[in-house]
Protein chains: 2
Amino acid sequence: MDKSLSESLLQQLKESFFSGELLPGTELVSQRRMSESKGLSRSTVREAIGQLEAEGYVEVRHGGKTRVKNLLEPYFNMPIEGVSALGDNVDFQRQVMDVRAMLEGEAAFYAATRATDAQLQALDAEYQRMQKRGQGETTLEKAKDDLRFHMMIAESSHHLLIICFSQLFYTRFFNAIYGVLTRTLQKYGRYPDGIRSQHGAIHQAIMAREAENARTAATEHILYTRRHLDE
Amino acid sequence: MDKSLSESLLQQLKESFFSGELLPGTELVSQRRMSESKGLSRSTVREAIGQLEAEGYVEVRHGGKTRVKNLLEPYFNMPIEGVSALGDNVDFQRQVMDVRAMLEGEAAFYAATRATDAQLQALDAEYQRMQKRGQGETTLEKAKDDLRFHMMIAESSHHLLIICFSQLFYTRFFNAIYGVLTRTLQKYGRYPDGIRSQHGAIHQAIMAREAENARTAATEHILYTRRHLDE
DNA sequence: ACTGCTAACTGGTCTGACCAAGTGGCACGG
DNA sequence: CCGTGCCACTTGGTCAGACCAGTTAGCAGT
């Protein structure tokens, strides 16, 4: 097993966390002391600790001690490494919404054209269910409902590539999408009215099999939400 | 805004990443050169690049260059096997063209809005070069020219997700795209006239920074080719 | 007991050196 | 002519030791 020194130190430290040797809240020994005890240079130790910090295992403050964070934390905001960090980036959120606008417009277009009657019926049922609930839900549940609705549309498009990409996109970038909703709610205190009526417009256009209208409504729906990021 | 040097360098690099200045697949300058140009020590540069790596933005190999990663790549392992076989499947070709129509429309839209002057100039040069050659090329070379032209547009969009998706899409489904061209040539014996003028329209709209026209022209261009697959 | 200074920590950055792993060019031999 | 292998050069990885910059604990003076 050939690894770089800093890498194997990193792994060694992680194992100490998982074994319970280093409990959350405790303090790491200083970089100098660790470099002595491990027989490595301080640069190498810093490299490893820097990675630990980036992955959310420890919290390091200039001048203060380095503290071990709660072990479960990294798992909550890390459905997929790296991308999670992007969830809070407004620029990235904007980009995600741009792609959603494009993707869902196309999906709605093809759904209006090619959905089976059974799919239309299922879509209608899901829409009615969404309308009925509405109020008493958490932000997270709303986000999930929203994605489920849009994913049903994508599936109704009968377009392999669009379905594949939608699936991938919604699962991987759920954090960013959820972040947009959270940010919007923080700013307005509630679900913007537009969204409800826009969902209605999409639903209606697909039901009536009006492809162009469906595309326009779906695109406009996402861009409406996106605009709230700009203010 | 008080930040550590490595942290602000990290942020600066991320911004270059999102702005399209650092495209996926390109190589970072070496740590030594970067430390010179930024007026920082190599340690600090290493710190920042280490974070970038931990967050999945770049891939660094001992002894080799550091490459910017395509952030969609890990998730793009769709029905890869048999994709080459699918290259001849008309239904699949149609789907690929549908997605191209969507993708290139958006790319052209954002390129018209956000391309730098240098990018416009490069795009213009590439367009002129395409016009000059034209005749004496093989089908394969034409397909490559076409994709290079469209890829330049995608890169000029400064839209990270669109760039990533385009890169992967064009490489993975090149066979299908090439297949469409081959099929068209077999049927008509030559490059349809429409394509030449359509490239011209796209080129002109982007140069004039007319975003909506660029989108329409690019979409129509792909759908025109797609229509040749029908009947 | 409170206050405020200071000294001894902590992490952050710098320098310049050397090691180790890829890369590319060039001369040699087929 | 092409392939092959060597070698110099570039890249990232590690090291040592120094100094800067926040943090903190303890001690002195009130």
Side-chain angles (χ1 to χ4, degrees), chain A residues 1-17 21-70 73-74 81-82 85, chain B residues 1-17 21-70 73:
Chain A
M1 194 75 79
D2 288 336
K3 281 181 183 172
S4 71
L5 295 178
S6 64
E7 205 167 329
S8 57
L9 173 58
L10 174 62
Q11 187 176 339
Q12 182 182 340
L13 287 172
K14 282 186 187 174
E15 281 166 7
S16 306
F17 294 159
E21 195 176 331
L22 284 174
L23 292 173
T26 61
E27 289 159 356
L28 248 55
V29 295
S30 78
Q31 298 172 352
R32 286 174 235 273
R33 214 176 305 281
M34 190 183 297
S35 80
E36 273 180 49
S37 68
K38 303 288 182 185
L40 298 169
S41 79
R42 202 180 144 212
S43 324
T44 308
V45 171
R46 279 184 59 75
E47 193 98 0
I49 292 186
Q51 301 284 315
L52 276 185
E53 186 189 16
E55 294 181 31
Y57 286 90
V58 299
E59 179 185 3
V60 20
R61 292 171 319 156
H62 184 177
K65 311 276 185 73
T66 297
R67 246 186 53 249
V68 180
K69 294 215 294 190
N70 189 311
E73 215 161 304
E81 40 234 306
Chain B
M1 194 73 79
D2 291 334
K3 280 180 182 172
S4 71
L5 295 178
S6 64
E7 204 167 329
S8 58
L9 173 58
L10 174 63
Q11 186 177 342
Q12 183 182 341
L13 288 173
K14 281 185 187 176
E15 279 166 10
S16 309
F17 184 62
E21 198 176 327
L22 283 177
L23 293 173
T26 60
E27 289 160 353
L28 248 55
V29 295
S30 77
Q31 297 173 351
R32 287 173 174 84
R33 214 176 306 282
M34 190 182 298
S35 80
E36 269 180 52
S37 67
K38 304 287 182 186
L40 298 168
S41 77
R42 203 180 142 213
S43 327
T44 307
V45 170
R46 280 185 58 75
E47 193 98 359
I49 292 186
Q51 300 285 316
L52 274 186
E53 185 188 17
E55 295 182 32
Y57 288 89
V58 299
E59 179 185 4
V60 19
R61 292 171 317 156
H62 185 177
K65 309 277 186 70
T66 297
R67 239 185 64 246
V68 180
K69 291 214 290 191
N70 185 313
E73 182 154 31

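Here is the naming used below: chain letters follow the sequence lines, and residue numbers restart at 1 for every chain. Heavy atoms only: backbone and side chains are in, while hydrogens, waters and symmetry mates are out. In this text, all values refer to a predicted model and were calculated from it rather than measured experimentally.
Atom CG in A/L10 sits roughly 11 Å away from atom P in D/dT14 (whole-Å rounding). One can place CG of B/L28 at 12 Å from C1' of D/dT11, the figure rounded to the nearest angstrom. The CZ-P distance, from B/R67 to D/dG12, rounds to 14 Å in whole Å. Atoms CD (A/Q31) and P (D/dC15) sit 14 Å apart, rounded to a whole Å. With rounding to whole Å, A/L5 atom CG is found 18 Å from D/dG12 atom P.
Not counting sequence neighbours, B/K38 has no partner by the salt bridge (charged side-chain N to carboxylate O under 4.0 Å, His left out) test. Take B/R32 and apply the salt bridge (charged side-chain N to carboxylate O under 4.0 Å, His left out) test, not counting sequence neighbours, and it matches no residue. Annotation: side chain to side chain contact (heavy atoms under 4.5 Å, CB included) contacts of B/E15 (sequence neighbours excluded): B/Q11.
In summary, B/E59 and B/R67 engage in a salt bridge, as defined by a charged side-chain N under 4.0 Å from a carboxylate O.
Base contact: B/R32 has a heavy atom under 4.0 Å from a base atom.
Along DNA chain C, read 5' to 3', the first and last nucleotides having any atom under 4.0 Å from a heavy atom of chain B are C/dG12 to C/dT23.
Contacts between residues 42-52 of chain B and DNA chain C, counted as heavy-atom distances below 4.0 Å, involve B/R42, B/S43, B/T44.
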Restricting both atoms to N or O, compile the protein contacts to nucleotides 8-10 of chain D shorter than 3.5 Å, with distance only.
none

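Between the CG atom of B/L10 and the NZ atom of B/K14 there is a distance of 4.5 Å, given to the nearest 0.5 Å. Considering CD of B/E27 and CG of B/L22, their distance stands at 12.0 Å, rounded to 0.5 Å. Of the inter-residue distances, the one linking A/T44 atom OG1 with A/E7 atom CD reads 12.5 Å to the nearest 0.5 angstrom. The CD atom of A/Q31 sits 13.0 Å away from the CD atom of A/E36 when rounded to the nearest 0.5 Å. Taken from CG in B/N70 to OH in B/Y57, the straight-line distance is 13.5 Å, to the nearest 0.5 Å.
For the OP1/OP2 pair of D/dG12 and a distance below 4.0 Å, the side-chain nitrogens and oxygens of B/T66 include at least one atom meeting the criterion.
Across the interface with DNA chain D, nearest-nucleotide mapping of B/V29 and A/R61 shows B/V29 to be the residue nearer the 5′ end.
Contact of the B/L28 side chain with the B/K65 side chain is not registered, since no non-hydrogen atoms from C-beta on lie closer than 4.5 Å.
Applying the 3.5 Å distance criterion, the base of D/dG12 shares a donor-acceptor pair with the side chain of B/H62.
Proximity of a side-chain donor or acceptor of A/Q51 to a complementary backbone N or O of B/G50 within less than 3.5 Å is detected.
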